[in-house]
Amino acid sequence: MDALSDVLRVAHLTGGVFLHADFFAPWCMKARVAPEHCAPALGPTSHLILYHYVVEGELHVQVEGDDEENLIVGPGDVVLLPRNDPHLMGSDLSLPPVRGSDIIRPPQGGGLASIHHGGDGARTRMICGFLSCASAEGNPILSTLPALLKLSVEQAGAAEWIRSTFRYAADEVSAGRPGSGTVLAKLSELLFVEAVRRYAETLPDGQTGWLAGLRETHVARALALLHGDITRSWTVDDLSREVGLSRSALADRFIHLIGVPPMHYLASWRMQVATQKLRDTSASLAQVAQMVGYESEAAFSRAFKKAFGAPPATWRRSNS
């Protein structure tokens with residue numbers, strides 16, 4: 001089992017595009033997308049991941065309150081905000097920012113919303129989109145990503161098809177052709193996966209966290225085994241035997257990188273999968289309990305209530 005794919009599957013990412021924008025220097029904008037702004041495309045959602053794809057020009061991006069990280073984003077770059085933090089964008093971030101909600105033009109004739117803003121200087125053209133994440137709370141990937149994540153589509157190498165398709169779809173959006181938003185919405189999901197993979201590959205030595213665990217052979221093997229069969233009655237002895245490390249050595253490496261012992265991680269992941277089953281399937285509580293490795297519905301209900309503060313039936317009614 002590919003643990004990264006499994007975590008992304010349970011997160012249930014759904015992409016969308018909400019506007020295309022033309023900015024002209026000098027300009028500065030403060031932005032954060034509220035879930036209600038995306039409701040027409042997604043319906044209710046608890047967590048948004050925002051992205052900006054630069055088609056032409058250049059801009060600076062900075063999470064509000066973080067004066068140290070100021071990303072420069074150019075043509076073919078995508079900047080993602082995994083936690084949808086309030087942020088500044090512009091040709092000059094020292095300018096008084098306008099609020100994005102004050103300059104967005106509503107869609108015309110069923111197209112996308114748009115922005116046309118700034119002075120009479122250099123043009124920056126971008127597409128802004130989002131992904132909703134149905135299971136953000138406790139998701140091991142989202143918790144380890146930085147506030148800003150940059151992906152250069154122009155240098156995507158094997159992902160050349162992403163670059164060419166995204167540029168084509170962006171041109172289609174700007175021209176107002178029907179169906180182009182749908183293409184970009186699906187592509188945005190792939191872009192996020194590619195950005196996460198690239199970030200994991202470039203983590204510095206000594207980095208900890210779930211993604212860093214994928215780079216350590218034994219921890220990655222342990223994660224693959226746990227994700228591959230969450231219904232198995234795992235013990236640390238079983239896991240260490242299959243991984244090829246002593247029990248204490250595996251526990252030490254797992255805790256150092258992931259932050260919790262292997263069996264604690266498994267219990268938490270079972271609850272993540274349970275929320276996905278409760279939300280996306282019509283399986284009974286007894287069936288969900290069995291799917292995530294509990295021998296009885298009662299034991300599953302106790303564990304679920306401890307994790308989420310409500311019994312699974314109550315949680316399902318409020319999240320369906």
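Values reported hereafter were calculated over all heavy atoms of this structure, with side chains retained and with hydrogens, waters and symmetry mates removed. Values in this document were obtained by computation on a predicted structure and should not be read as measured data.
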With distance as the sole test, does [X] use its side chain to make a donor-acceptor pair with the main-chain N or O of [Y] at under 3.5 Å?
X     : Y      : value
His87 : Ala31  : yes
Arg32 : Gly100 : no
Thr14 : Ser132 : no

With a sphere of 6.0 Å drawn around [atom1] of [X], does it hold more than 12 non-hydrogen atoms of other residues, nucleotides or ligands?
X      : atom1 : result
Asp120 : CG    : no
Arg316 : CZ    : yes
Gln290 : CD    : no

Nearest heavy-atom neighbours spanning [X] and [Y]:
X      : Y      : result
Val236 : Met263 : CG2-CG, 3.8 Å
Pro82  : Ala147 : CD-O, 3.3 Å
Leu149 : Ala195 : CD2-CB, 4.0 Å
Ile103 : Val98  : CD1-CG2, 3.8 Å
Leu257 : Gly213 : CD1-CA, 4.0 Å
Leu50  : Gly129 : CD1-O, 3.2 Å

Quiz prompt | Co-members of Leu93 in a cluster of I, L, V, M, F, W and Y side chains, linked at under 4.5 Å | solution = Leu88

Got a sec, which residues hit side chain to side chain donor-acceptor pair (under 3.5 Å) with [X], two or more places apart in sequence or on another chain?
X      : value
Arg215 : none
Arg253 : Glu216, His218
Thr231 : Asp229
Thr202 : none

Quiz item: Between Leu59, Leu80, Leu81, which is the residue that forms a side-chain contact (heavy atoms from CB on, under 4.5 Å) with His52?
Solution: Leu81

Can you find a pair of side-chain heavy atoms, one from [X] and one from [Y], that are under 4.5 Å apart?
X      : Y      : answer
Phe130 : Ile49  : no
Val193 : Val196 : no
Cys133 : Leu142 : yes

Could you pull out all donor-acceptor pairs under 3.5 Å where a side-chain atom in residues 292-315 meets a protein atom, sequence neighbours excluded?
| from | atom 1 | to | atom 2 | distance (Å) |
| --- | --- | --- | --- | --- |
| Ser296 | OG | Ala299 | N | 3.1 |
| Ser301 | OG | Glu297 | O | 3.0 |
| Thr314 | OG1 | Arg317 | NH2 | 3.4 |

Quiz item: What pairs with Ser246 under side-chain contact (heavy atoms from CB on, under 4.5 Å), at least two apart in sequence or on another chain?
Solution: Ser248, Ala249

Practice problem: Go through the structure and list residues passing ring pair (Phe, Tyr, Trp, His ring centres under 6.0 Å) with His60, not counting sequence neighbours. | Solution: none

Self-check item: Counterpart residues, ring pair (Phe, Tyr, Trp, His ring centres under 6.0 Å), relative to Phe254 (two or more places apart)
Solution: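 Once residues adjacent in sequence are excluded, the partners of Phe254 under the ring pair (Phe, Tyr, Trp, His ring centres under 6.0 Å) criterion are Tyr265.
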
Quiz prompt | Worked check of side chain to side chain contact (heavy atoms under 4.5 Å, CB included) between Val61 and Asn70 | solution = CA-CA 6 Å; Val61 183; Asn70 181 339; over 6 Å; no

For [X], check salt bridge (charged side-chain N to carboxylate O under 4.0 Å, His left out) against everything at least two apart and list the hits.
X      : result
Asp237 : Arg247
Arg105 : none
Asp238 : Arg241

Quiz prompt | Ring geometry between Trp269 and His227 (parallel below 30°, tilted from 30 to 60°, perpendicular above 60°) | solution =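 It falls in the tilted class, 30° to 60°.
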
Quiz item: Taking the six-membered ring for Trp, are the ring centroids of His116 and Phe24 within less than 6.0 Å of each other?
Solution: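 Centroid separation for His116 and Phe24: below 6.0 Å.
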
Quiz item: After noting the C-alpha distance and the side-chain angles of Val219 and Ile258, does the key distance pass the side chain to side chain contact (heavy atoms under 4.5 Å, CB included) rule?
Solution: CA-CA 9 Å; Val219 173; Ile258 308 300; 4.1 Å; yes

Quiz item: Does the pair Glu194/Lys150 count as a salt bridge with the N-to-O cut at 4.0 Å?
Solution: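 No, Glu194 and Lys150 are not salt-bridged.
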
